[in-house]
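Following: one structure in structure tokens, then a few remarks.
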Protein chains: 2
Amino acid sequence: MTNHSNGRKQEDAIPSLVQSQRQIDRYGLDVDAQAVLVAARLMEAGAKLGHAAEIHFARFGLSTGRYRLLADLEDNGGEVLPSQLAEHLGVTRATVTGLIDILERDGLVSRRASAKDGRQKSVILTELGASKLREMAPEHFARLEAMVGLLNTEERSVFLDLLGRVTQGISALTDE
Amino acid sequence: MTNHSNGRKQEDAIPSLVQSQRQIDRYGLDVDAQAVLVAARLMEAGAKLGHAAEIHFARFGLSTGRYRLLADLEDNGGEVLPSQLAEHLGVTRATVTGLIDILERDGLVSRRASAKDGRQKSVILTELGASKLREMAPEHFARLEAMVGLLNTEERSVFLDLLGRVTQGISALTDE
DNA sequence: GAAAAATAATTAGGAACCTAATTATATAGG
DNA sequence: CCTATATAATTAGGTTCCTAATTATTTTTC
């Protein structure tokens, strides 16, 4: 058994309800096993999706972060400050600096010093960057759509609602 | 504006439906914007949860991976092979080797050469490792429960079902 | 029973993101 | 005005996980 692709055997990594219940019972805690299971499954799904996304974007010579930066640039008229990019993407400025470095090296964006404020250097989407987005759009969006193809419109709405509420709850892990 | 904690401003990073629709319209593609939005939101949520989990486990001197390894060890009688751990956790053997290195350095697990097969070295949960799990269980599970506290039991069931189907669909990103 | 193939764990090196410290410029307070 | 503070971007160094190559041992095959 070669464990091809990523050492994951499809089903093995999925945590089960009995597994969660057993963990809770071991310490005699008063916790809902289903709640714990939701947390575990979402974590699993997030990690799996993150990994799959990297593979997907690598096909176009990009990473998830670099694609999202390009897309945000396109969404905002082709010129955005690094600090704004960091905010839009939900990553740190240090990370944005690194993303820009590679995108600039590859000719997909360029940096331009601001006239108004000497501290700022705005990031510009080059023609090459724009054509990269254009070129990958059909396949990219088709795959995203296929990904949620097992849910109908109604179910997607419900999923978005529930996911939003769980996302709000994530702060329970970091609070205090 | 200091952008404390992680440079994320609560709402800013959440992708919206109009944003997805605009991206699709730009290239005149026949794709459902809601489907794209589900993909984007799940990615966002996964990344956010992953980061929050690291902060959570860091409180106990662990990382997400190291905690999961300890928990799996406890779930399986305190002795498991590295290759099995890799399979259970859905990570590579190389990663497991690294996790064990640190856990062993901290005294939470130990390695023992197999008698039957000279290639194998099983991993053992030490008493210190077991007490670490015991000690963190109440707070750990309480926080997980709080995280999904905005969903009632019925909604959690629905969420698990829908998440499971989306998770199946993730392969659409990597197929072909 | 020795050569070839498979398997277990590890090592080496890379990618993505992080926090904290640094550099350069702009703004405010006395 | 000029020192003190705030802000923009970057650099330095760390964490987590990955793929590919390596080492050691077992199993298969002829």
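Here is how names work: the chains are called A, B, and so on, in the same order as the sequence lines, proteins then strands, and each is numbered from 1. Keep in mind that the numbers below use all heavy atoms, side chains included, and drop hydrogens, waters and symmetry copies.
Close to D:dA8, at under 4.0 Å from its OP1 or OP2, lies no side-chain N or O of A:Ser114. Applying the 4.0 Å criterion to OP1 and OP2 of C:dC17, one finds that A:Thr95 has every side-chain N and O outside that range. Between A:Arg66 and C:dA16, a side-chain N or O to OP1/OP2 separation shorter than 4.0 Å is present. Dashed line: the shortest gap from a side-chain N or O of A:Thr92 to OP1 or OP2 of C:dC18 is under 4.0 Å. Under 4.0 angstrom from either OP1 or OP2 of D:dT11 there lies no side-chain N or O belonging to A:Thr97. Under 4.0 angstrom from either OP1 or OP2 of C:dA8 there lies at least one side-chain N or O belonging to B:Arg93. Between A:Arg111 and D:dT10 there is a side-chain polar atom (N or O) within less than 4.0 angstrom of OP1 or OP2.
One finds no salt bridge joining A:Arg66 and A:Asp101 here, because no Lys/Arg side-chain nitrogen approaches an Asp/Glu carboxylate oxygen to under 4.0 Å. For A:Asp32 and B:Arg156, the salt-bridge test passes: some basic side-chain N is under 4.0 Å from an acidic carboxylate O.
To the nearest angstrom, P of C:dG14 lies 18 Å from CG of A:Asp101. Taking atom CG of residue A:Leu89 and atom P of nucleotide C:dC18, one finds them 10 Å apart after rounding to whole Å. Residue B:Leu69 contributes atom CG, which lies 18 Å from atom P of D:dT15 at whole-angstrom precision. Atom CD1 of A:Ile55 is separated from atom P of C:dA15 by 15 Å (rounded to the nearest Å). In this entry the distance linking NZ of A:Lys121 with C1' of D:dT11 reads 12 Å, nearest Å. Remark: C1' of C:dG14 and NE2 of A:His51 are 13 Å apart, rounded to the nearest angstrom. Distance CD1 (B:Ile100) to C1' (D:dC17): 15 Å, rounded to an integer number of Å. Between the CE atom of A:Met43 and the P atom of D:dT16 there is a distance of 13 Å, given to the nearest Å.
When each of A:Thr64 and A:Arg119 is assigned the nucleotide of DNA chain C with its nearest heavy atom, A:Thr64 is the one assigned upstream, toward the 5' end. Mapped onto DNA chain C by nearest heavy atom, A:Ala115 and A:Glu54 fall at different nucleotides, with A:Glu54 at the one closer to the 5' end. Closest-nucleotide positions on DNA chain D for A:Gln120 and A:Ala94 were compared, and the one nearer the 5' end corresponds to A:Gln120.
With contacts defined as side-chain heavy-atom distances shorter than 4.5 Å, the pair B:Glu135/B:Phe60 does not qualify.
When distances are taken from the side chain of A:Asp117 to each of D:dT19, C:dA26, C:dA9, the shortest belongs to C:dA26. Comparing C:dT10, D:dT16, C:dA16 by their closest approach to the side chain of A:Ile102 singles out C:dA16.
Interatomic distance, A:Arg165 CZ to A:Leu160 CG, rounded to the nearest 0.5 Å: 12.0 Å.
Between B:Phe57 and B:Tyr67, the ring planes lie parallel to each other; the angle is under 30°, not in the 30° to 60° tilted range.
Among the heavy atoms of the strands lying under 4.0 Å from A:Ser63 are primed sugar atoms or P, OP1, OP2 only; no base atom is included.
Without hydrogens or angle criteria, A:Thr167 side chain to A:Leu163 main chain gives a donor-acceptor distance under 3.5 Å.
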